[in-house]
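These numbers come from a predicted model, not from an experiment. For this chain, numbers begin at 1 and follow the sequence in order.
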Amino acid sequence: MAVQILKDYRLGDMTARYVTDEEKKQVGLVLLPAGIPVLAQAQKKEQVDALVQLKIAGDRYNEPYAMGNSMRNSETVRRLEYQKQDVRRNGDRLEIQTVLAASGSYQVTHHLVWKEGSRYLRICCTIENQGQEDLMLEMFESFSLSSISPYLDGDGHEQMFLHRIRSVWSQEGRPERIPLEDLQLEPSWAKYAVRCEKFGQVGSMPVNKFFPFAAVEDQQNQVFWGAQIAHNASWQMELYRRDDALAMSGGIADRDFGHWMKRVMPGQAFTTPEAIVSVAHTDSFDVFTARLTEAALEGLEQVPQTEKSLPMIFNEYCTTWGNPSDENISAILDCIKDKGFRYFVIDAGWYKQDGVPWDISMGDYEVSQALFPQGLKQTTDKIRAAGMIPGIWFEFENVGRASKAYQMEAHLLHKDGKPLTSYARRFFDMCDPWVEQYLTDKVIGTLNRYGFGYMKIDYNETIGAGCDGTESLGEGLRRNMEASKAFIEKVKREVPGIVLENCASGGHRLEPGMMSQMSMASFSDAHECEEIPVIAANLHWVIHPAQSQIWAVIRKEDSLQRIAYSIANTFLGRMCISGDVTQLSQEQWRMIDAGMEFYKKIAPMIRDGQSYHYGTQIKSTRHPKGWQALLRIGANGKAYIVIHLFEGDLPEQIRIPLPQGCPTKAAWIYSEKEENIECIDHCLLYQPKERKKALAVLLEQ
């Protein structure tokens, strides 16, 4: 059947095109850069690919070889028929609701929301059971885009690429750009048999393999389509093809991939997690991904007032290594009280009991009398007297094997009837009212009792496929993680003004949903590594740098060059300092102080700006070679660039093109020595002479 246009909506610089078939049964969604006509559509062999993708247990799969591969376009979808489309306005938000129904059984509403002036869309779907029998969902995705790319003739061979971002512990953010042919996403000669590349992550660490992100690039026409999934549990992305048109969808990991099934009883409804989606006419991956991470600014509008200027953090973890005490904190405060830090974070170990390792005893959270003999209040009072807001570490969703809480089996998650146990941890059942009250007393009570204004929320193990208690392991996982998010909201209600840091073994929960609840996140656990700038720069593609807390751990034996390298890392996000601060020389402190002043100058650009990556391709994250530069152009008419030099061969001259509108005057250079930086013909020129070195340049008009 021929594809017909149902309705076009202009949404800023994007067009949402709803398409349908000749009988107006199925409806698809095509996103286009506004003002760019589709010329090649008539030369494609394609069918309408539905804008909602779900499957009910027992329904037929789609076409040959789909089972175990993809649940898209199942009988559940083919039963749906277009009913109506409503447009609703609420302040600066416009919502397009597309309603489809399988008569007498179920109705699905596709929600597309655009905030005026934004460069992204928010999409989710709702199913309502209008029948007399339970519906057992085994797949229900948040979004689905069809006809990618409509600008290319036929199947667009050799012009289309998948972008995704891989992640493992302490090496988050590794990019991939893969030709669709390498994924065998070409249609067959007969337009027969499903082609699908499904990827994602299973468990409660949503960034423990890939970031919940995907983008498709039409290289010839310089157009990108992409999405992020806002979900703190198992998720999936799918690239799908059966004809000339490519489709992309994603959401909760389905029954095949994530062991997920969901019962929706008569009269009930269920809504998917949200997807953040965009399209752009650009040849720059940097420019496109900034459209998605821009969505974080909505959450940053709600953070406490103290966060507006992106103030600096001191965390004592790499100073005391899990042994914080009133004595050593007092000594640290004497050294840093006039340095301009806004937060002082007491990290893990404050609850350590005699003879019990701190790293396996989380869960009881009783203040250590040995470490704080006069009580914790005395220490937090000292932090406030030094002009800083006290912060504290909790890992409240997990319990360590040496804790009393580890034995509270009735209140822990189970799998196959047994407590769900990793090598060192078990997990609280966050849906259990007893657990909520326990954590209210232990966490919220501690925050209020001692006057904490900052909480670092850590999470150092994954639940895996899921847990008992519901219709499927995956649904048990989803419900438990929803309850975790609800408890975080309770913390925010009962501790007004609290600043929250999202940490999960560093960066394993950097997904848009949890990021929207927090002020910032730990970018990684790579606290002292040479690869820090590689990770930190790459994360600009998937989280907003204003939320990316980057550590500079300073050691007493560090040279000035090494200190400048570490401090420059923090210019790629939020500055956090730790290390041997009580043992540094005046010369070392001068290097740090200069970096802190530089950070204050660039903070407005971190919050509101556009990043551009330059440099050699880094093959080994652990052993980087070559050089890297990140330019960030602010909305305030200024810009800055951070250059890192690694091992290996370096060019005689580094030449960095400055985009149109970028200032070209080097107003301040942060380095351990005098540097010769020139800006000629809209290029920044620098002659590198050392390796394992960094410098930063503030640019003004």
**Asked** Is the number of heavy atoms from other residues, nucleotides or ligands within 6.0 Å of CZ (R60) greater than 12?
**Response** no

**Request:** To the nearest 0.5 angstrom, please state how far the CD atom of E395 sits from the CD atom of E461.
**Result:** 9.0 Å

**Item:** D49 with R72: basic N within carboxylate O range, under 4.0 Å
**Value:** yes

**From CE (M71) to CG (L137), nearest 0.5 Å** = 11.0 Å

**Request:** With rounding to the nearest 0.5 Å, note down the distance linking CG in L413 to CG in D429.
**Result:** 5.0 Å

**Request:** Using a strict cut-off of less than 4.0 Å between a Lys/Arg side-chain nitrogen and an Asp/Glu carboxylate oxygen, indicate whether K456 and D347 qualify as a salt bridge.
**Result:** yes

**Asked** Between F257 and F199, is a ring pair (Phe, Tyr, Trp, His ring centres under 6.0 Å) present by the stated rule, with each step listed?
**Response** CA-CA 9 Å; F257 191 70; F199 67 95; 8.7 Å; no

**Request:** Output, in order, the C-alpha distance, side-chain angles, deciding distance and verdict of side-chain contact (heavy atoms from CB on, under 4.5 Å) for C125 and V52.
**Result:** CA-CA 7 Å; C125 298; V52 296; 3.7 Å; yes

**Request:** Evaluate the side-chain proximity of S105 to Q130: yes if any heavy-atom separation is below 4.5 Å, no if none is.
**Result:** no

**Heavy-atom closest contact (L300 atom, A546 atom, distance)** = CD1-CB, 3.9 Å

**Message:** Let's go through F288 and H163 carefully: what are the C-alpha distance in whole Å and the side-chain angles of both, what is the deciding distance for ring pair (Phe, Tyr, Trp, His ring centres under 6.0 Å) to 0.1 Å, and is it a yes or a no?
**Reply:** CA-CA 11 Å; F288 174 72; H163 292 258; 8.7 Å; no

**Request:** State whether a side-chain donor-acceptor pair under 3.5 Å links S505 with N460.
**Result:** yes

**Prompt:** Does the pair V443 and F396 meet the rule for a side-chain contact (heavy atoms from CB on, under 4.5 Å), with working shown?
**Reply:** CA-CA 7 Å; V443 178; F396 59 76; 3.7 Å; yes

**Message:** With heavy-atom distances below 4.5 Å as the criterion, would you say the side chains of L162 and L183 are in contact?
**Reply:** yes

**Asked** Does any donor atom in the side chain of S522 or E501 lie under 3.5 Å from an acceptor atom in the other side chain?
**Response** yes

**Request:** Could you tell me whether R479 atom CZ has more than 12 heavy atoms of other residues or ligands within 6.0 Å of it?
**Result:** no

**Request:** Indicate whether the side chain of D468 and that of H414 have a donor and an acceptor atom separated by less than 3.5 Å.
**Result:** no

**Message:** Looking only at side-chain N and O atoms, does Y120 offer a donor or acceptor that is under 3.5 Å from a partner on E298?
**Reply:** yes

**Prompt:** Does atom CD of E133 have more than 12 heavy-atom neighbours, drawn from other residues, nucleotides or ligands, at distances under 6.0 Å?
**Reply:** no

**Item:** Test side chain to side chain donor-acceptor pair (under 3.5 Å) applied to D254 - qualifying residues, sequence neighbours left out
**Value:** K198, Q236

**Asked** Are M430 and F487 side-chain neighbours, meaning at least one heavy-atom pair lies under 4.5 Å?
**Response** yes

**Prompt:** Hey, does D218 have a side-chain heavy atom less than 4.5 Å from the side chain of W225?
**Reply:** yes

**Prompt:** When you check the gap from the basic side-chain N to the acidic O, do E197 and R164 get nearer than 4.0 Å?
**Reply:** yes

**Message:** Over 60° means perpendicular and under 30° means parallel, so tell me whether H540 and H613 are parallel, tilted or perpendicular.
**Reply:** perpendicular

**Asked** Side chains of M481 and H231: does their closest heavy-atom pair fall under 4.5 Å?
**Response** no

**Asked** Is any NZ, NE, NH1 or NH2 atom of the basic residue among R88 and E95 found under 4.0 Å from an Asp or Glu carboxylate oxygen of the other?
**Response** no

**Asked** Is R166 paired with E176 through a side-chain N to carboxylate O contact shorter than 4.0 Å?
**Response** yes

**Item:** Nearest non-hydrogen partners of S142 and I123, listed with the distance
**Value:** O-CG2, 3.5 Å

**Item:** Candidate pair S472 and K262, rule side chain to side chain donor-acceptor pair (under 3.5 Å), full reasoning
**Value:** CA-CA 7 Å; S472 66; K262 169 70 179 176; over 6 Å; no

**Fill in**
For Q85, the side chain to side chain donor-acceptor pair (under 3.5 Å) test, sequence neighbours excluded, returns Y9, T98

**Message:** Looking at E301 and K115, is any side-chain nitrogen of the basic one under 4.0 Å from a carboxylate oxygen of the acidic one?
**Reply:** yes

Result block: side-chain N/O donor-acceptor pairs under 3.5 angstrom for residues 204-214, not counting sequence neighbours:
{"unit_1": "S204", "atom_1": "OG", "unit_2": "Y459", "atom_2": "OH", "d": "2.6"}
{"unit_1": "S204", "atom_1": "OG", "unit_2": "I463", "atom_2": "N", "d": "2.8"}

**Asked** Would you say E489 has more than 12 foreign heavy atoms packed within less than 6.0 Å of its CD?
**Response** yes

**Message:** Measuring from atom CD of E436 to atom CH2 of W434, what distance do you get when rounded to the nearest 0.5 angstrom?
**Reply:** 12.5 Å

**Item:** Under 3.5 Å side-chain donor-acceptor pair for H110 and Q97
**Value:** no

**Message:** Please find the pair of heavy atoms, one from S70 and one from Y61, that lie closest to each other, and give the distance.
**Reply:** O-CD2, 3.8 Å

**Prompt:** Between E294 and R291, does at least one N-O distance fall below 4.0 Å, as a salt bridge requires?
**Reply:** no

**Asked** Are D59 and S74 linked by a side-chain donor-acceptor pair shorter than 3.5 Å?
**Response** no

**Message:** Going by the rule side chain to side chain donor-acceptor pair (under 3.5 Å), which residues pair with S234 if we only count those two or more places apart in sequence or in a different chain?
**Reply:** none

**E494 atom CD: more than 12 heavy-atom contacts under 6.0 Å** = yes

**Complete:** Tightest non-hydrogen contact, residues F427 and L420, listed as CD1-O, 3.7 Å

**Complete:** The side chain to side chain donor-acceptor pair (under 3.5 Å) partners of S516 (sequence neighbours excluded) come to none

**Message:** Quick test of your reading of the model: are R263 and E475 salt-bridged, counting only N-O distances below 4.0 Å?
**Reply:** no

**Flag for T126-T271: side-chain donor and acceptor within less than 3.5 Å** = yes

**Prompt:** Is any NZ, NE, NH1 or NH2 atom of the basic residue among E75 and R79 found under 4.0 Å from an Asp or Glu carboxylate oxygen of the other?
**Reply:** yes

**Asked** Just checking, any donor-acceptor pair under 3.5 angstrom between side chains of N69 and Y240?
**Response** no

**Item:** Partners passing side chain to side chain contact (heavy atoms under 4.5 Å, CB included) against E531 (at least two apart in sequence or in another chain)
**Value:** C529, I535, T621, R622

**Complete:** Scanning both residues in full, the closest heavy-atom pair of I532 with W551 reads CD1-O, 4.0 Å

**Request:** Find the distance between NE2 (H508) and CG (D525) and round it off to the nearest 0.5 Å.
**Result:** 8.5 Å

**Item:** Other residues, nucleotides, ligands: >12 heavy atoms within 6.0 Å of N90 CG
**Value:** no

**Asked** What closest approach, in Å, do N73 and A50 show between heavy atoms, and which atom pair accounts for it?
**Response** OD1-N, 4.0 Å

**Asked** Does the side chain of F161 come within less than 4.5 Å of V216's, by heavy atoms?
**Response** no

**Salt-bridge present (E397, R425; N to O < 4.0 Å)** = no

**Asked** In Å, rounded to the nearest 0.5 Å, how long is the span from OG of S146 to CG of L246?
**Response** 10.0 Å

**Request:** Let me see the working for Q53 and E238 under side-chain contact (heavy atoms from CB on, under 4.5 Å), right down to the final yes or no.
**Result:** CA-CA 11 Å; Q53 292 295 335; E238 292 191 70; over 6 Å; no

**Prompt:** Picking from R607, Q302, R574, what satisfies side chain to side chain donor-acceptor pair (under 3.5 Å) with E307?
**Reply:** R574

